[in-house]
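FYI, side chains are in, hydrogens and waters are out, and symmetry mates aren't considered; it's all heavy atoms of this structure.
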Amino acid sequence: LKTAQVLKYNSKQARSIRIQVTDRGGLSFQKAFTIQVIPNNHAPSDISLSNASVNEHCAPATVVGAFSVTDPDSGQSYSFTLVPGVGSEGNGGFFIEGNVLKSAAALDHEATPVCSLRVRAEDNGAPAMSVEKNFLIMVNDINDTPTALALNLATVAENLTACASVCVLSAIDPDSGEHFTYALVA
């Protein structure tokens, strides 16, 4: 028995046939059979991420986005993993739980404004098939708290007039180009 055409699972999952056998004397017997078409597992063709940015200094396990897969096979489930390879330099700052990408630690825009990740999506077909893709995660710059405050003088002459300049204040802030205001507090 040979196929007369290519059988596609997606178009028809079972084929009914009837076969007849005839002996030398011309006597015959017929029987119907159903042949099941078993689908081939196809590799997923793409991975998408619902969001590709996260605020700096976020708490560990902050959700970045959710992965989804494009696959010609319907009804499959997928496992997602961060994998080594070209474009995986930022993998250490993230982890995947189910299909959700999360931050592994607080990220710093000033140190690393963009993180490069390499992700593999593997289906549950037999045999399992996979696709890998690189993603760029933007680390959003948020206003950082100043980290230091200094006076250029720690002494002042007595009997200065009101509104006389006493010293110069300076501050250090991780954000470049900041402008500061100063106030006396109790």
Listed partners of Phe67 passing ring-ring contact (aromatic ring centres under 6.0 Å, His included), at least two apart: Phe80, Phe135

Chi angles and distances behind the side-chain contact (heavy atoms from CB on, under 4.5 Å) call for Ile137, Leu101: CA-CA 10 Å; Ile137 307 301; Leu101 179 65; 3.9 Å; yes

Gap between atom OG of Ser45 and atom CE of Met129 - 0.5 Å precision: 11.5 Å

Rounded distance [0.5 Å steps], CG in Asn51 versus CE in Met138: 11.5 Å

Atom pair CG (Asn55) and CG (Leu107), whose distance is rounded to the nearest 0.5 Å: 10.0 Å

Donor-acceptor contact below 3.5 Å, side chain Asp73 vs main chain His42: yes

ring-ring contact (aromatic ring centres under 6.0 Å, His included) partners of residues 149-180, not counting sequence neighbours, each pair once: none

Minimum side-chain heavy-atom gap Asp141-Glu56 below 4.5 Å: yes

Check: residues 114-122 side-chain donor-acceptor pairs under 3.5 Å, at least two apart:
from, atom 1, to, atom 2, distance (Å)
Ser116, OG, Gly87, O, 2.6
Arg118, NE, Glu132, OE1, 2.9
Arg118, NH1, Val86, O, 3.2
Arg118, NH1, Asn134, OD1, 2.9
Arg118, NH2, Glu132, OE1, 3.1
Arg120, NE, Glu132, OE2, 2.9
Arg120, NH2, Glu132, OE2, 2.5

Short side-chain donor-acceptor distance under 3.5 Å, Thr22 and Gln20: yes

Ser88 side, atom OG; Leu82 side, atom CG - distance, nearest 0.5 Å: 9.0 Å

Residues that, via side-chain heavy atoms closer than 4.5 angstrom, fall in one hydrophobic cluster with Val21: Phe29

Ile172: hydrophobic cluster co-members (side-chain, 4.5 Å): none

Shared hydrophobic cluster, Ile35 / Ile19 (ILVMFWY, side-chain heavy atoms < 4.5 Å): yes

Ile38 with Leu7, same ILVMFWY side-chain cluster at under 4.5 Å: no

Sequence neighbours excluded, every pair satisfying ring-ring contact (aromatic ring centres under 6.0 Å, His included) that has a member inside residues 96-119: none

Least distance between heavy atoms, Ala59 atom then Ser103 atom: O-OG, 3.1 Å

Other cluster members, Leu160 - Ile/Leu/Val/Met/Phe/Trp/Tyr, side-chain contacts below 4.5 Å: Val156, Val166

Residues forming a side chain to side chain donor-acceptor pair (under 3.5 Å) with Asp123, sequence neighbours excluded: Asn41

Common cluster, Val131/Leu49, ILVMFWY with side-chain heavy-atom separation under 4.5 Å: yes

Members sharing Leu184's hydrophobic cluster (side chains within less than 4.5 Å): none

Straight-line distance of Cys58 SG to Asn140 CG, nearest 0.5 Å: 9.5 Å

Val64 and Phe94, any side-chain heavy atoms less than 4.5 Å apart: yes

Those residues that, when tested against Asp108, pass side chain to side chain donor-acceptor pair (under 3.5 Å) (two or more places apart): none

Distance in Å, Leu151 CG paired with Cys167 SG, rounded so as to fall on 0.5 Å steps: 4.5 Å

Leu149 side chain near Tyr182 side chain, heavy-atom distance below 4.5 Å: yes

Connected via hydrophobic side-chain network under 4.5 Å: Val69 and Ile96: yes

All pairs passing side-chain hydrogen bond (donor to acceptor under 3.5 Å, both in side chains) where residues 61-70 contributes a residue, at least two apart: none

ring-ring contact (aromatic ring centres under 6.0 Å, His included) pairs, two or more places apart, involving residues 44-65: none

